[in-house]
**Student:** 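Structure in structure tokens, see below.
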Amino acid sequence: MSGDLLTLMQGSAALSGLNDTQRGAVLHSEGPLLVLAGAGSGKTRVITHRIAHLVRELQVAPWQILAVTFSNKAASEMRHRVGELLGAQAADLWLGTFHRTGLRMLRSFGQHGGLASGFTIYDRDDQKKMLKRAMAALNISDQRLKPKVVANFIDRAKNQLKGPDAVTSRDPTSALCAQVYSRYEADMKIAGAVDFGDLLMRPVQILQAEPTLMQMWSGRFKYILVDEFQDTNHAQMQLLQLLSSEHRNLCVVGDDDQSIYSWRGADVSNILDFPKRFEGARVVKLERNYRSTAQILAASGAIVSQNASRHAKTLWTDQKDGSPVHLHGSNTDLDEARWVVGRIGEARVAEPLSEMAIFYRTNSQSRVLEDALRSARIPYVVIGGLRFYDRAEVKDGLGYLKLVVNPDDTAAWLRVVNTPRRGIGKKLVERVADFAAIKQISMPEAARQLSVVKESFRGQKHLKAFTELMAQMRADVATKSADTAGVMILRHSGLIDALSQDPSIEAESRLDNLNQLVSALTDYTENHADTSLGGYLEQVSLVTDIDKLDKTVDAVSLMTMHAAKGLEFNQTFVCGLERNLMPHGNIDDEAGIEEERRLLYVAMTRARKRMYLTYARRRQRFNEVLTQTISPFLAAIPRDAMVRTGQQHQGWGAPVRGPSSRKQAWARAAQKEQKTNPPRTSEEVAIQRGPVGPFLPGSRARHVSFGEGEVLAREGHGKLARVTIRFHRVGVKKVLARFLQAL
DNA sequence: AGTCCCTTTCTTTTT
DNA sequence: GAAAGGGACT
Ligand SMILES: Nc1ncnc2c1ncn2[C@@H]1O[C@H](COP(=O)(O)OP(=O)(O)OP(=O)(O)O)[C@@H](O)[C@H]1O
């Protein structure tokens, strides 16, 4: 095929599969553009096609285009889609989350803001460690002021572009927070670390302070495109304004009805006031929904219409022949889970499991659902919740890697200095902390200096041994790639030895997780140009769990309603629709209630064909049983769009903000009785406990629900590896290693 | 001084 | 149902 013809075909591909309004947005040439439209109206498609159009037709270099998504998963999906339209050129786009974009900028010019060149990114956990230290140094009790509260305070400040000196402290608590904030920033600098908020605030601050940099970056991107714009915060908005100030080609896309992150600093007025802020902005509204049936649209639209402060919006579909939304009430959360799993069991005959998803308000709700799915032997993936990288032993392992890469990483030092036990307890750590504070140095550096001071003290030998261990590791792996370095470090850390000697069951699975960490390192080294340990750690600190979502694997997806944003499935189950859970019980103002409605709206608009809404009369939480009533939101759903089954208890139509009903652990015993699941087969137990096989092509394996087959291929490692198998009964399928047993 | 074990607390959502 | 914190034990 000639190059011209190929170009022509790909060029028209950028405009095909769009309606006239979408095409108008794609073709829009210069100046700011806002696409404001409801769920499933093809906003994301506009972005993808617009990028293709810019490169193909307007000959814009891919590296002059910045596209921002809300998750890494959304970014890789978009890169894939754009790749289909553009080919290899898609690789040169600046495409990622705001945080990744900010990081890329800081790696390029962070030293202008006084950042160490190899700075480390701290997660919430590291951040809390630093805050506790800072508070201890300031003599602020962590009972009086919870580190979590301070962390939120600092995060909000950074999202508002406010450094420690800029925060206003009206009440005593925020005054204390501000005090801790200052100290924390100093400690972070010494540790050579930044937090998530810094990835947004610092680039803006540096650009504003450095005219030469500003001049470079304000014209660096000819075109900027932003998805899910309704959930951007002030810092992100400011960054966009700086980066688009020369060319003014800023295209943002979003739906104010889907703004669900105000608690994280997102400001819906960014989208609502966009035309005011960017004079001459063109506004495009998409009104046709391509995703869902009329019933799903009617039900979800009815919910969000209840919001008094809502801006009305049209959304229509011609898919009028769908099934009604199915609302089902159960006695207990266990019954609810079993009912959902029952429906999935029926549906899987006609639908792949990967086209089904279960949504819930809080991560803790996943447990009963997981149990029920396991009993029914239905493969599933939980997105979010406890990430692999959040597991204690994995964090320990990573801690060693981090401390090798950044010798001043105080949070990592605190994590691993006495894991495994090496006689460096609280008192010794305090001593190091005091010394570090006096000398204005990091804790690892303080430990190094203390370990060789003349006047000896109790434990100095231990400190010296640890310091030397780390120095040795650093020297050993200096030039090694991430996988080799990782294996060496983990081996010398003593973590593996300690776990091997521990006879408990948990130790075994912890060891397994460390092995998976090694696999992840290998995976990384094989698939990235930058094979350094630092590169790996950077990647880890920014990945989210949503990356686990892989529709080619045959498994049901479980996730929170928040994580569901932007996704779509043929069938969805929205669970736990009860007062105090949806809307959540901690919410006490009308704005909060409206955000909960929007959250439910987001969850309900994910389904293409069928949607189930469920609730339970009793729900276990910690060790008490709550008596629940149906979510007051549901009364808004038109009767003709819905069928109801199961428990029809009172509460229907009750006011949205009512009292909570809770009973202490009255029927704990009875509940226990019910909680005992049907006995598992020995086979299933074997599969859950047994070693995860290597599943090499040609070997044989048995799957929980598909039976035996021959392995054709494998991607990834460990329990989360995706294995393609030709099953005797059901043919070729891609499944998770977690549900497989090697034969 | 360090470790072990028991109690308490957490759960709203996350880049 | 886990992880962190507090108190007793070595
Ligand atoms: N012009 C079109 N013709 C047919 N299908 C379309 C068209 N535009 C989009 N779609 C399909 O409609 C669905 C929703 O599109 P998309 O994800 O772009 O919507 P969205 O507005 O970003 O949704 P949300 O706000 O809910 O995330 C997708 O399955 C997409 O393939």
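All chains are named by letter (A, B, ...) in the order of the sequence lines, taking the proteins before the strands, and each is independently numbered beginning at 1.
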**Student:** Categorize A:K158 for me: base, sugar-phosphate, or nothing, with a 4.0 angstrom heavy-atom threshold over every strand shown.
**Tutor:** nothing

**Student:** Do we get A:R431 above A:F457's six-membered ring, with its NZ or CZ under 6.0 Å from the centre and within 45° of the axis?
**Tutor:** yes

**Student:** Does A:S259 reach the main-chain N or O of A:D256 with its side chain, forming a donor-acceptor pair under 3.5 Å?
**Tutor:** no

**Student:** Counting just side-chain N and O atoms, does A:R421 come under 4.0 Å of either OP1 or OP2 of B:dC4?
**Tutor:** yes

**Student:** Name the residue closer to the 5' end of DNA chain B, choosing between A:F70 and A:K146 according to the nucleotide with the nearest heavy atom.
**Tutor:** A:K146

**Student:** Mind checking if A:K132 touches a base, just sugar-phosphate, or nothing, with heavy atoms under 4.0 Å?
**Tutor:** sugar-phosphate

**Student:** Go through the side-chain N and O atoms of A:Q238 and A:Q236 and say whether any donor and acceptor fall under 3.5 Å apart.
**Tutor:** no

**Student:** Do A:Y601 and A:N307 pair up side chain to side chain, a donor and an acceptor below 3.5 Å, judged on atom types alone?
**Tutor:** no

**Student:** What is the nucleic acid contact for A:I260, judged by heavy atoms within less than 4.0 Å: base, sugar-phosphate only, or nothing?
**Tutor:** nothing

**Student:** Go through the N and O atoms of the side chain of A:R361 and the base of B:dT12, and report whether any donor-acceptor pair is under 3.5 Å.
**Tutor:** yes

**Student:** Within the pair A:N233 and B:dT15, is there a side-chain N or O less than 4.0 Å away from OP1 or OP2?
**Tutor:** no

**Student:** At under 4.0 Å, does any side-chain N or O of A:K148 touch on OP1 or OP2 of B:dT11?
**Tutor:** yes

**Student:** Go ahead and name the base partner of C:dA8; Watson-Crick or wobble counts if both distances stay under 3.5 Å, otherwise write none.
**Tutor:** B:dT3

**Student:** Under the criteria of a ring-centre distance below 5.5 Å and an interplanar angle below 30°, is A:H99 stacked with the base of B:dT15?
**Tutor:** no

**Student:** Once you apply the 3.5 Å cut-off to both distances, tell me the Watson-Crick or G-U wobble partner of B:dT13, or none.
**Tutor:** none

